[in-house]
Amino acid sequence: MLELKFVRSNLGDIKEMMKIRGYDLDISGFETLDQERRGKLSVLEGLRHQRNRVSEDIAAMKKRGEDASSIITEMKEVSSEIKGKEKELPGILKKLNDLLMVIPNIPDESVPVGKDENDNPVIRTWGEIREHDFAPRPHWEIGEELGILDFECAAKLAGSRFAVYRGAGAKLERALISFMLDIHTNEHNYTEILPPFMVNAASMVGTGQLPKFKEDLFKVEGWDLYLIPTAEVPVTNIHRDETLSGEDLPIYYVAYTPCFRSEAGSYGKDTRGLIRQHQFNKVEMVKFVRPEESYDELEKLTRNAEEILRRLELPYRVVSLCTGDLGFSAAKTYDLEVWLPGQDLYREISSCSNFIDFQARRAGIRFKRGGGKGTELVHTLNGSGLAVGRTLVAILENYLQGDGSVAMPEALKPYMGGMESISAT
RNA sequence: GGAGAGAUGGCCGAGUCGGCUGAAGGCGCUCGCCUGCUAAGCGAGUGUAGGGCGCAAGUUCUACCGAGGGUUCGAAUCCCUCUCUCUCCGCCA
């Protein structure tokens, strides 16, 4: 969410910004609403002021034993006038707020202008693509043949876009989660969090999933609870409506959670395999930092995510999302794309974003500098480190051997109980 | 699920029969003074949001004592609903 004052004085720039982001949003009602709100508010406050003053007089008169009944009848009118006016305000406020809630964040100056993902510039590329004398294959074939992935069974249990992992496949997923968490906690200084996998609406509003992206979420029937679409939601909301002390910053959290997404609007996309599921595992890094450090922290965060791919020796590249591809709340985002030989393309496996004060304002996350007075909004960042299911996909496709087995990355072997490779049983 | 207790500022904790309580007192913190040594003492300050005025420092008004509603000229104080926490019982992994 942007600041009301900022929107008021930068309306033209905001319209321009939404255009380069590819947002078609009508905010023309803003000015009228804002003025209406201010007008009514000042009238109302004047009346309340009067009421407060006279109330004091009444109290004083009563103390002296005087008769205040004539003023009291007079104040009855003022009071009912206040009540009438008080009823008008919430409606205006809500409309204004609704408008404010759907305005996206302002992209950082360094974000390239572009229309869609084809305009995302590649920042760097890492790793050697393995050459083989056999044809690469997609992971769903590899997984089903090895008996470690079962989509048919998942369809019976839940429907499409789910998977059952079996045997070494289940173990590999679990190994990846531990591997990632260990690196981020032991080497990158993150504190591990295991949050609730369901949250209330207030949390969803705090990180921006609501009200704009309601249709992407699974809601629990009869409860004010939603399945989290990413650990970003519970973990960022840990500090919702809190004022942190300056010495606490920066705060680094890492959390493994399953993620639940309706994937409404992606019918027919990535229907095969593990790429796009209603439920998938992810290890997520979340940072709360001082404003002046947030862009350095974004670089570090991205490197932390890259480190996982390097240890697993998976080729990847880093792209910078252009204005047209940038998410709603982000000011700047780097995507990590891993090489998938079975599909002959680079595929997003991590998204690292700086939200600057956008989420913090919405969620009320502030801090106080030592010695300073007043509070400031923190800057929040988050990034996948990494999407676990897609990492498993990358391992299956990149480590496929000529005999149909899949070798284990060196770094993962300890987590797999020394297993050298997965072969059909 | 049943019975009871509670929810006040960064923290602890007062708020009497509704009326100078944005809220006593304490702690913490900040600044200054004092003190020749990390102690103690003294003084001042110390919430958030929104509006008006001001170039600004600032100033002024309004709101906020878990949330929402009600009673009243006036509510942290009375009434209702909800949420959460705690204790006891039941149930359960």
Side-chain angles (χ1 to χ4, degrees), chain A residues 1-9 30-101 194-206 210 219-220 222-226 234 237-249 251 288 357-378:
Chain A
M1 181 164 68
L2 298 172
E3 193 181 10
L4 181 66
K5 281 183 202 158
F6 176 83
V7 175
R8 188 182 296 151
S9 47
F30 178 85
E31 255 176 312
T32 338
L33 270 172
D34 184 44
Q35 273 165 17
E36 199 182 349
R37 172 183 154 273
R38 281 199 281 176
K40 303 224 174 197
L41 194 63
S42 106
V43 172
L44 179 63
E45 287 189 349
L47 286 169
R48 288 211 268 232
H49 178 51
Q50 187 190 349
R51 184 182 68 185
N52 287 343
R53 289 184 61 112
V54 176
S55 285
E56 278 175 34
D57 292 344
I58 294 173
M61 287 173 80
K62 289 214 162 175
K63 218 168 222 174
R64 280 184 257 123
E66 295 170 25
D67 176 34
S69 57
S70 70
I71 313 186
I72 288 177
T73 35
E74 204 179 302
M75 285 316 289
K76 266 189 188 175
E77 267 176 59
V78 177
S79 204
S80 70
E81 200 181 342
I82 289 174
K83 263 181 198 152
K85 296 247 188 282
E86 274 176 344
K87 287 207 174 89
E88 297 171 16
L89 217 54
I92 299 167
L93 225 57
K94 186 176 182 314
K95 274 193 221 162
L96 201 60
N97 203 42
D98 287 352
L99 203 53
L100 224 47
M101 287 290 221
L194 183 61
F197 300 161
M198 296 183 233
V199 299
N200 56 26
S203 295
M204 287 293 185
V205 171
L210 289 178
K219 180 162 196 318
V220 181
W223 293 75
D224 177 33
L225 285 175
Y226 297 80
N237 277 285
I238 286 175
H239 296 297
R240 169 153 53 88
D241 294 322
E242 284 183 8
T243 302
L244 304 161
S245 105
E247 298 97 73
D248 294 342
L249 301 177
I251 294 170
F288 303 83
D357 58 6
F358 191 83
Q359 282 184 334
R361 181 171 302 108
R362 207 180 250 250
I365 310 172
R366 300 160 205 285
F367 78 104
K368 199 171 239 168
R369 285 183 200 273
K373 61 172 178 178
T375 56
E376 294 171 57
L377 293 165
V378 304

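To find a chain, count down the sequence lines: A is the first, B the second, and so on, and within it residues start at 1.
Counting non-hydrogen atoms of other residues, nucleotides and ligands closer than 6.0 Å to CE of A:Met198 gives a total of 12 or fewer. Within a 6.0 Å radius of NZ in A:Lys95, other residues, nucleotides and ligands contribute 12 heavy atoms or fewer.
Distance check, rounded to the nearest 0.5 Å: CG of A:Asp357 to CD of A:Glu3 gives 8.0 Å. Annotation: the span from A:Asn52 atom CG to A:Glu45 atom CD amounts to 11.0 Å, rounded to 0.5 Å.
Partner assigned to B:C53 is B:G58, using Watson-Crick or G-U wobble distances below 3.5 angstrom. Shown here, B:A14 forms no base pair; nothing in the strands shown gives a Watson-Crick or G-U wobble contact with both key distances under 3.5 Å. Searching all strands for a Watson-Crick or G-U wobble partner of B:G9 with both distances below 3.5 Å returns nothing. Pairing for B:G68 goes to B:C80, judged as Watson-Crick or G-U wobble with the two contacts each under 3.5 Å. The partner of B:G41 is B:C33, by the rule that a Watson-Crick or G-U pair needs both atom distances under 3.5 Å. Under the Watson-Crick and G-U wobble criteria, each requiring two contacts below 3.5 Å, nucleotide B:U87 is paired to B:A3. The base-pairing partner of B:A23, taking Watson-Crick or G-U wobble contacts with both distances under 3.5 Å, does not exist among the strands shown. Judged by Watson-Crick or G-U wobble contacts below 3.5 Å, the nucleotide B:A93 has no partner.
At least one side-chain nitrogen or oxygen of A:Ser79 sits closer than 4.0 Å to the OP1 or OP2 atom of B:G74. Between A:His49 and the phosphate of B:C61, there is no side-chain N or O to OP1/OP2 separation shorter than 4.0 Å. Distances shown here put a side-chain N or O of A:Asn52 below 4.0 Å from the OP1 or OP2 atom of B:A63.
Annotation: B:G70 and B:U77 have their C1' atoms spaced 15 Å apart (nearest Å). Distance noted for atom P between B:G15 and B:G74: 26 Å (whole Å). A gap of 15 Å separates the P atoms of B:C34 and B:G43, to the nearest Å. Between B:G6 and B:C79, the two P atoms lie 12 Å apart (nearest whole Å). With both ends at atom C1', the span from B:G22 to B:A75 equals 15 Å, rounded to whole Å. The C1' atoms of B:U72 and B:G18 are separated by 9 Å, rounded to the nearest whole Å. Going from the P atom of B:C89 to that of B:C78 covers 31 Å, rounded to whole Å. Distance noted for atom P between B:G4 and B:G45: 47 Å (whole Å).
In this structure, the side chain of A:Asp224 engages the main chain of A:Ala201 through a donor-acceptor pair within 3.5 Å.
At whole-Å resolution of the value, CZ in A:Arg38 and C1' in B:A49 are 15 Å apart. When rounded to the nearest whole Å, the span between CG of A:Leu33 and P of B:G50 equals 17 Å. Rounded to whole Å, atom P of B:A63 lies 12 Å from atom CG of A:Leu47. Atom CZ of A:Arg37 and atom P of B:A49 are 14 Å apart (whole Å). Nucleotide B:U72 holds its P atom 13 Å from the CZ atom of A:Arg51, rounded to whole Å. As rounded to whole Å, 15 Å separates atom C1' of B:A49 from atom CG of A:Leu44. In this structure, the CD atom of A:Glu56 is 22 Å from the P atom of B:U72, given to the nearest Å. A:Glu86 places its CD atom 14 Å from the C1' atom of B:U72, with the value rounded to the nearest Å.
A:Arg361 comes within 4.0 angstrom of nothing in the nucleic acid, heavy atoms only. Residue contacts for A:Lys40: at a heavy-atom cut-off of 4.0 Å it reaches no nucleic acid atom on any strand shown. Looking at heavy-atom distances under 4.0 Å, A:Ile58 makes contact with a base.
Take the nearest nucleotide of RNA chain B for A:Arg366 and for A:Thr73: the residue whose nucleotide is more 5' is A:Arg366. Nearest-nucleotide positions on RNA chain B place A:Lys62 closer to the 5' end than the other of A:Gly46 and A:Lys62.
In summary, of the residues considered (A:Lys94, A:Lys83, A:Lys40), a salt bridge (charged side-chain N to carboxylate O under 4.0 Å, His left out) with A:Glu88 occurs for A:Lys40 alone.
Minimum atom distance to the side chain of A:Lys76 is reached by B:C73, of the listed B:C73, B:C61, B:G51. Residue A:Lys83 has its side chain nearest to B:U72 when only B:G52, B:C73, B:U72 are considered.
Comment: A:Asp34 engages A:Arg37 in a salt bridge, judged by a side-chain N to carboxylate O separation of less than 4.0 angstrom. With respect to the salt-bridge test (charged N to carboxylate O, under 4.0 angstrom), the residues A:Glu81 and A:Arg51 do not qualify.
Within 3.5 Å, a donor on the side chain of A:Glu45 pairs with an acceptor on the base of B:G50, or the reverse.
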